Amino acid sequence: MDKILSYVRRCVEDYDMIHSGDRLAVGVSGGKDSLVLLAALAKLREFYPQPFTVEAITLDMGTGMDFAPVEAYCRKIGVPYTVIGTEIAHIIFDVRKEKNPCSMCAKMRRGALHNAMLERDIHKIALGHHFDDAVETFFLSLFYEGRLSCFQPVTFLDRTGVTQIRPLLYCGEGHIRNVAEREELPVLHNPCPADGYTRRQEVKELVAELGKRYPQLKTRVFGAMQRLPLPEWGPVERRRMPPLEEDEA
């Protein structure tokens with residue numbers, strides 16, 4: 001966790017993500033990424049030079065997940081926790097019967113999450129996208145949209161006044177998984193019918209296969225994103241992400 005925390009702090013500083021007095025929501029799905037992010041930010045608030053607060057918000061997609069373990073963990077670390085009930089899964093899979101549900105699901109979740117934040121007068125949210133997510137999103141955009149693109153480390157949404165930050169961008173998925181296990185975080189099973197059968201999963205497997213032939217592939221792609229031409233990916237003072245060790249990638 002100490003190493004994750006150091007990566008999170010460096011990412012926060014490189015992209016000027018957190019300011020004094022911020023009320024920071026963390027979108028907690030119950031997966032390993034969002035729980036590690038929550039744990040890291042809860043620790044960071046204790047000593048970060050710019051004071052901020054953390055609150056956890058979960059969207060219940062209506063799939064029958066039990067978030068009681070997450071609620072208990074939030075009590076343990078002193079983070080306010082809210083579960084927002086929705087019927088997003090029913091709308092996507094039963095009503096609309098989406099063949100490619102992920103895009104619509106993401107839009108609906110984002111809208112519901114932002115509404116919940118604004119009702120609480122919170123205007124900044126931390127999302128659990130990490131190093132591997134960024135590289136895979138880059139390839140997804142290239143393969144399926146024919147453009148060089150990715151989500152940004154910091155995104156201001158002018159329609160809602162919400163700012164999205166991604167403090168885990170310097171953390172590899174392998175490291176996050178190991179930390180979640182060692183810290184015994186209450187990771188929940190994802191019952192989504194599309195889990196494991198998406199375009200993202202296809203790209204994840206392709207990148208993993210290419211990584212066997214080109215071991216530095218993900219690091220080089222991420223470095224290229226930081227050097228631009230992607231907007232907003234150039235870190236403050238043009239620092240670069242610290243190299244990941246084998247067990248972190």
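FYI, side chains are in, hydrogens and waters are out, and symmetry mates aren't considered; it's all heavy atoms of this structure. Just so it is clear, the structure is predicted and the values come from calculations on it, not from any experiment.
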To check you understand the geometry: which heavy-atom pair defines the closest contact between [X] and [Y], and what is its length?
X      : Y      : result
Lys124 : Asp22  : NZ-OD2, 2.8 Å
His19  : Gln50  : CA-OE1, 3.5 Å
Phe67  : Leu59  : CZ-O, 4.3 Å
Gly128 : Asp33  : O-CB, 3.5 Å
Thr137 : Arg200 : OG1-NH2, 2.8 Å
Phe151 : Trp233 : O-NE1, 2.9 Å

Residue pair [X] / [Y], side-chain heavy-atom distance below 4.5 Å:
X      : Y      : result
Pro153 : Arg166 : no
Ile165 : Val12  : no
Val8   : Leu168 : yes
Glu13  : Ile18  : no
Thr163 : Thr155 : no
Val26  : Ile57  : no
Arg9   : Leu44  : yes
Met108 : Ile92  : yes

Look up atom [atom1] in [X] and atom [atom2] in [Y], then write down how far apart they are to the nearest 0.5 Å.
X      : Y      : atom1 : atom2 : value
Tyr15  : Leu169 : OH    : CG    : 7.0 Å
Cys171 : Arg10  : SG    : CZ    : 12.0 Å
Arg177 : Leu185 : CZ    : CG    : 13.5 Å
Leu118 : Asn115 : CG    : CG    : 6.5 Å
Asn178 : Glu183 : CG    : CD    : 11.5 Å
Glu136 : Gln201 : CD    : CD    : 8.0 Å

For this session: Applying ring-ring contact (aromatic ring centres under 6.0 Å, His included), run through Phe131 and Tyr170 and close with a yes or a no.
Result: CA-CA 6 Å; Phe131 169 79; Tyr170 288 174; 9.0 Å; no
Are [X] and [Y] joined in one hydrophobic group, where the rule is that I, L, V, M, F, W and Y side chains link up if heavy atoms are under 4.5 Å apart?
X      : Y      : value
Phe156 : Leu113 : no
Leu37  : Ile122 : no
Leu127 : Ile176 : no
Leu5   : Leu24  : yes
Val154 : Phe52  : yes

For this session: Please report the C-alpha distance between Glu181 and Lys32 in whole Å, then the side-chain angles of each, then the deciding distance to 0.1 Å, and finally whether the salt bridge (Lys or Arg N to Asp or Glu O under 4.0 Å) criterion is met.
Result: CA-CA 9 Å; Glu181 292 174 356; Lys32 66 183 188 314; over 6 Å; no
Exercise. Does the pair Lys204 and Asp132 meet the rule for a salt bridge (Lys or Arg N to Asp or Glu O under 4.0 Å), with working shown?
Worked result: CA-CA 8 Å; Lys204 179 187 287 289; Asp132 295 76; 5.9 Å; no
For this session: Might you work through the side chain to side chain contact (heavy atoms under 4.5 Å, CB included) test for Tyr144 and Glu202, ending with a clear yes or no?
Result: CA-CA 12 Å; Tyr144 291 104; Glu202 291 178 6; 3.1 Å; yes
Between [X] and [Y], does any side-chain donor sit less than 3.5 Å from a side-chain acceptor?
X      : Y      : result
His130 : Asp133 : yes
Ser29  : Arg109 : no
Tyr73  : Glu184 : no

For this session: May I ask you to decide if Val83's main-chain N or O and Thr58's side chain share a donor-acceptor pair within less than 3.5 Å?
Result: no
Exercise. With distance as the sole test, does Arg213 use its side chain to make a donor-acceptor pair with the main-chain N or O of Glu209 at under 3.5 Å?
Worked result: no
Exercise. Given Met61 and Ile91, is the side chain to side chain contact (heavy atoms under 4.5 Å, CB included) satisfied, shown in steps?
Worked result: CA-CA 10 Å; Met61 304 284 288; Ile91 293 170; over 6 Å; no
Problem set entry | Identified side-chain contact (heavy atoms from CB on, under 4.5 Å) counterpart of Gln164 within the set Gln152, Arg110, Met17 | Arg110
Exercise. What's the verdict on salt bridge (Lys or Arg N to Asp or Glu O under 4.0 Å) for Glu55 and Arg23, showing C-alpha distance, side-chain angles and the deciding distance?
Worked result: CA-CA 8 Å; Glu55 302 181 31; Arg23 289 181 65 199; 2.7 Å; yes
For this session: Please lay out, stage by stage, how Lys3 and His175 fare under the test side chain to side chain contact (heavy atoms under 4.5 Å, CB included).
Result: CA-CA 9 Å; Lys3 201 162 200 179; His175 192 190; 3.7 Å; yes
Exercise. Does the side chain to side chain contact (heavy atoms under 4.5 Å, CB included) test come out yes or no for Leu210 and Val207, once each step is laid out?
Worked result: CA-CA 5 Å; Leu210 289 172; Val207 171; 5.6 Å; no
